[in-house]
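In this chain, numbering begins with 1 at the start of the sequence shown. These figures come from a predicted structure and were not determined experimentally.
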Amino acid sequence: MTARLRHFGWALLGLVTLAAVLAGVVLALNLRGEDPLPERAEAFDATPQLVERGRYLALAGNCAGCHTTRGGQPYAGGVPLETPFGTIYATNLTPDATHGIGGWSSAHFWRAMHNGRSKDGRLLYPAFPYPNFTQVTREDSDALYAYLRSVAPADTENKAHRLRFPYDTQAALAVWRALSFKPQPFVSNANKPAEWNRGAYLVGGLGHCIACHGSRNSLGATETKLGLSGGLIAVENWYAPSLADPHEAGVADWPAADVVALLKSGTSPRGSVMGPMADVVFRSTQYLSDADLGAMAIYLKDLPEAVKKDAPEATKAPAAPVRRDAGAMVRGAKIYDQRCAYCHGDQGQGAAGAYPPLAGNRAVTMARPTNLIQVVAHGGFLPATAGNPRPYGMPPFGHALDATEVAEVLTYIRGSWGNNAAPVTQLDTMRR
């Protein structure tokens with residue numbers, strides 16, 4: 001018995017030692033790339049020009065979208081961000097000394113942006129997209145800080161996050177960061193023009209486009225190696241399509257002016273935005289300069305295509321017809337005639353400037369029918385912008401059509417007028 005206890009004791013000591021070593025490694029990995037903060041807050045000259053620049057950058061990053069509740073005080077926080085691991089509440093970014101960033105220096109703010117740490121050194125949850133904001137320059141971080149210090153302070157207490165164990169612990173977050181995050185500045189591509197690099201900086205940094213348009217692993221980390229290859233937006237159940245795939249939302253063959261129009265007004269001759277992207281255009285991109293939108297367009301048009309290895313579209317053999325249930329097609333055609341044809345046309349041709357065509361529409365024929373189901377069930381609405389102040393919208397039909405009927409009408413639309421996409425199942429529609 002004594003020998004067994006001795007062995008058990010040595011084993012326990014070994015586990016404790018191993019845990020301590022791992023903790024040290026995790027801590028070291030989480031501190032990499034961090035410079036010590038100055039002992040005293042440095043002098044900071046928030047000139048009107050710097051504040052205005054920060055205001056513009058806050059729009060580019062859509063900061064108010066997460067840090068301002070509907071009808072609430074700007075940047076006072078409190079917006080719930082639903083994740084598969086629980087709910088995270090956006091924090092107060094106003095200059096309130098107790099609940100906001102009134103006691104923060106510009107160095108504290110820069111550390112949060114670049115390293116994902118709060119003023120007290122606690123690790124921040126990546127719902128605040130510091131894995132993208134780490135690319136933001138110190139100069140832009142200081143401008144954002146200057147602007148946020150200029151907004152009206154709000155005495156709004158930060159809400160406690162509601163996360164399941166162990167995701168609510170700093171230890172778990174430290175492990176996640178060790179596996180998934182490395183602070184790194186934006187590095188220009190010397191082989192690309194200045195406009196391309198500006199677009200890459202905006203898309204990859206403040207724009208944090210990959211946060212929606214990138215896939216995520218089981219720990220919720222963005223698969224950066226896959227780039228903007230599309231991803232399901234957790235909880236909201238919208239699919240942010242690939243920005244590299246011409247069969248989804250790639251714009252390589254679009255005129256740059258059409259890409260700019262889409263980001264500026266929410267609509268263009270080649271497509272329109274709905275769902276979460278409509279909110280991004282409404283709150284953010286419509287306010288960006290034409291020069292910055294042009295730079296983003298140049299970068300997005302030059303994205304490496306996920307399907308580049310495939311033959312060019314013109315030389316591809318036609319896809320084999322997809323098998324569909326004849327009864328579902330008949331019932332779907334009837335629903336379409338009753339509910340959809342008045343706006344979208346009896347041949348899915350749509351109406352220019354008002355209702356999008358459904359025939360040959362890649363949003364209709366994408367492999368994932370997720371967004372179509374959301375639009376039919378909950379409606380589809382373009383953002384109201386200066387360039388399109390009174391957009392047409394699609395009413396919701398979730399109250400009038402059950403899951404089977406939604407599946408049947410979408411199966412009909414995806415298999416008519418030359419469309420050749422897979423049928424939609426009742427199981428697909430029940431995930432909305």
Side-chain angles (χ1 to χ4, degrees), residues 34-35 37-38 40-81 88-159 161 183 185-186 201-202 205-208 211 279-280 282-289 292:
E34 291 196 25
D35 296 322
L37 292 178
R40 296 182 179 180
E42 76 285 13
F44 189 83
D45 184 17
T47 64
Q49 294 79 9
L50 191 65
V51 170
E52 174 57 25
R53 178 181 169 192
R55 185 193 68 82
Y56 177 83
L57 293 171
L59 289 169
N62 194 19
C63 303
C66 287
H67 291 275
T68 304
T69 58
R70 180 172 295 181
Q73 189 166 335
Y75 298 102
V79 177
L81 306 172
I88 294 172
Y89 290 93
T91 55
N92 186 333
L93 293 183
T94 73
D96 181 78
T98 303
H99 305 299
I101 61 170
W104 291 44
S105 68
S106 63
H108 288 127
F109 188 81
W110 161 248
R111 185 171 69 170
M113 293 284 288
H114 190 67
N115 297 97
R117 286 182 180 274
S118 187
K119 180 190 175 185
D120 60 5
R122 288 178 63 82
L123 305 178
L124 298 173
Y125 285 96
F128 170 63
Y130 60 83
N132 306 112
F133 291 168
T134 188
Q135 297 185 40
V136 173
T137 64
R138 177 62 191 265
E139 293 75 18
D140 281 352
S141 174
D142 285 353
L144 279 165
Y145 171 78
Y147 168 66
L148 292 172
R149 297 272 295 188
S150 75
V151 303
D155 185 19
T156 304
E157 187 174 355
N158 291 307
K159 293 184 178 181
H161 305 315
F186 174 76
Y201 174 73
L202 290 169
L206 275 176
H208 60 286
D279 189 62
V280 172
F282 177 72
R283 293 177 177 271
S284 175
T285 58
Q286 70 162 314
Y287 300 107
L288 301 189
S289 67
D292 276 347

Which atom names give the shortest non-hydrogen contact between [X] and [Y], and what distance separates them?
| X | Y | result |
| --- | --- | --- |
| Ser150 | Val51 | OG-CG1, 3.6 Å |
| Tyr56 | Ser289 | OH-N, 3.0 Å |
| Ser118 | Trp104 | OG-CZ2, 3.7 Å |
| Leu144 | Phe109 | CB-CE2, 3.9 Å |
| Thr94 | Pro74 | CG2-O, 3.5 Å |

*Mind running side-chain contact (heavy atoms from CB on, under 4.5 Å) on Thr134 and Asn115 for me, showing each step along the way?*
CA-CA 6 Å; Thr134 188; Asn115 297 97; over 6 Å; no

*Residues forming a side chain to side chain donor-acceptor pair (under 3.5 Å) with Tyr287, sequence neighbours excluded*: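 Side chain to side chain donor-acceptor pair (under 3.5 Å) check on Tyr287 returns nothing, list empty.
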
*Arg149: partners by side chain to side chain donor-acceptor pair (under 3.5 Å), with sequence neighbours left out*: none

Heavy-atom side-chain contact between [X] and [Y] under 4.5 Å:
| X | Y | result |
| --- | --- | --- |
| Tyr147 | Leu50 | no |
| Leu202 | Asp292 | yes |
| Asp140 | Arg53 | yes |
| Thr137 | Pro185 | no |

In Å and rounded to the nearest 0.5 Å, what is the [atom1] to [atom2] distance from [X] to [Y]?
| X | Y | atom1 | atom2 | value |
| --- | --- | --- | --- | --- |
| His114 | Arg138 | NE2 | CZ | 10.5 Å |
| Asp45 | Asp142 | CG | CG | 11.5 Å |
| Cys63 | Arg283 | SG | CZ | 11.5 Å |
| Asp96 | Ile101 | CG | CD1 | 10.5 Å |
| Thr91 | His161 | OG1 | NE2 | 7.5 Å |
| His108 | Tyr145 | NE2 | OH | 9.0 Å |

Return a table of donor-acceptor pairs under 3.5 angstrom between the side chains of residues 151-158 and protein atoms on other chains or two or more places apart.
residue: Asp155; atom: OD1; partner: His99; partner atom: NE2; Å: 3.3
residue: Asn158; atom: OD1; partner: Asn92; partner atom: N; Å: 2.7
residue: Asn158; atom: ND2; partner: His99; partner atom: O; Å: 3.0

*Could you list the residues that satisfy salt bridge (charged side-chain N to carboxylate O under 4.0 Å, His left out) with Glu52, not counting sequence neighbours?*
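Glu52 satisfies salt bridge (charged side-chain N to carboxylate O under 4.0 Å, His left out) with Arg55 once adjacent residues are dropped.
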
Using atom types as modelled, flag every donor-acceptor pair under 3.5 Å from a side chain in residues 120-133 to any protein atom, sequence neighbours excluded.
residue: Asp120; atom: OD1; partner: Arg122; partner atom: N; Å: 3.0
residue: Tyr125; atom: OH; partner: Tyr167; partner atom: O; Å: 2.9
residue: Tyr130; atom: OH; partner: Leu124; partner atom: O; Å: 2.8
residue: Tyr130; atom: OH; partner: Arg177; partner atom: NH1; Å: 3.4

_side chain to side chain donor-acceptor pair (under 3.5 Å) partners of residues 65-75, not counting sequence neighbours, each pair once_ =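 Counting only pairs at least two positions apart or across chains, no side chain to side chain donor-acceptor pair (under 3.5 Å) contact touches residues 65-75.
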
*asked:* Would the distance check show the side chain of Arg111 and the main-chain N or O of Lys119 forming a donor-acceptor pair, the cut-off being under 3.5 Å?
replied: yes

